[in-house]
Amino acid sequence: RGLGDVYKRQVSNSLVADGCIIEGRVENCIVFRGARIGHGAVVKNSIIMQGCYIGNGADLDYCICDKGVLVADNRRLAGYASYPLYLPRDTRV
């Protein structure tokens, strides 16, 4: 990958556990161990629990993803600060 790809990977104001693979952008989140954030994905104001997979180019805002959730490539999911979107365990979107 070129130098441009390095700058697209960014984590700010977040707690990220060990064993995570972050290839996109994460802001104001809690990311549990073993989660994967795909290339070019943007995850903001969310909780991503253990073993979740967020696909390439996905966009999540105010989401709570329980264990084992899979969000496919290029999906956009959004909740609200007062009412976040909850995805139950092992959900495929």
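Position 1 is the first residue of the sequence, and the numbers go up from there.
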Revision key, fill the gap. Checking Val31, Leu60, Ile22 against Ile54 for side-chain contact (heavy atoms from CB on, under 4.5 Å), the one that qualifies is Leu60
Practice item. List, by chain and then residue number, the residues other than Leu70 in its hydrophobic cluster (Ile/Leu/Val/Met/Phe/Trp/Tyr, side-chain heavy atoms under 4.5 Å); write none if there are no others. Key: Tyr53
Point to revise | Side chains of Ser12 and Glu27 in contact at under 4.5 Å (non-hydrogen atoms) | key: yes
Review point. What are the two closest non-hydrogen atoms of Ala58 and Ala72, and how far apart are they?
Key: CB-O, 4.1 Å
Exercise for review: Find the distance between CG (Asn13) and CG (Asn45) and round it off to the nearest 0.5 Å.
Suggested key: 9.5 Å
Check your understanding: Does the side chain of Leu87 come within less than 4.5 Å of Leu77's, by heavy atoms?
Key -> yes
Check your understanding: So does Arg89 pair up with Asp66, basic N to acidic O under 4.0 Å?
Key -> no
Check your understanding: Other hydrophobic cluster members with Ile21, side-chain heavy atoms of Ile/Leu/Val/Met/Phe/Trp/Tyr under 4.5 Å, chained?
Key -> none
Review point. Does some side-chain heavy atom of Phe32 sit less than 4.5 Å from a side-chain heavy atom of Ile47?
Key: yes
Practice item. Might you work through the side-chain contact (heavy atoms from CB on, under 4.5 Å) test for Lys44 and Asn28, ending with a clear yes or no? Key: CA-CA 6 Å; Lys44 298 187 289 187; Asn28 305 322; 5.9 Å; no
Exercise for review: To the nearest 0.5 Å, tell me how far His39 NE2 sits from Asp73 CG.
Suggested key: 11.0 Å
Point to revise | Nearest-0.5 Å distance, CD1 of residue Ile64 to OH of residue Tyr62 | key: 12.0 Å
**Study point:** Heavy-atom closest contact (Arg92 atom, Gly68 atom, distance)
**Key:** NH1-O, 2.7 Å
Point to revise | CD1 on Ile37 to SG on Cys20, rounded to 0.5 Å | key: 7.5 Å
**Study point:** Side chain proximity check, Ile48 to Val43, heavy atoms < 4.5 angstrom
**Key:** yes
Review point. What's the verdict on side-chain contact (heavy atoms from CB on, under 4.5 Å) for Val16 and Val11, showing C-alpha distance, side-chain angles and the deciding distance?
Key: CA-CA 9 Å; Val16 179; Val11 177; 4.0 Å; yes
Point to revise | From NZ (Lys67) to CE (Met49), nearest 0.5 Å | key: 9.0 Å
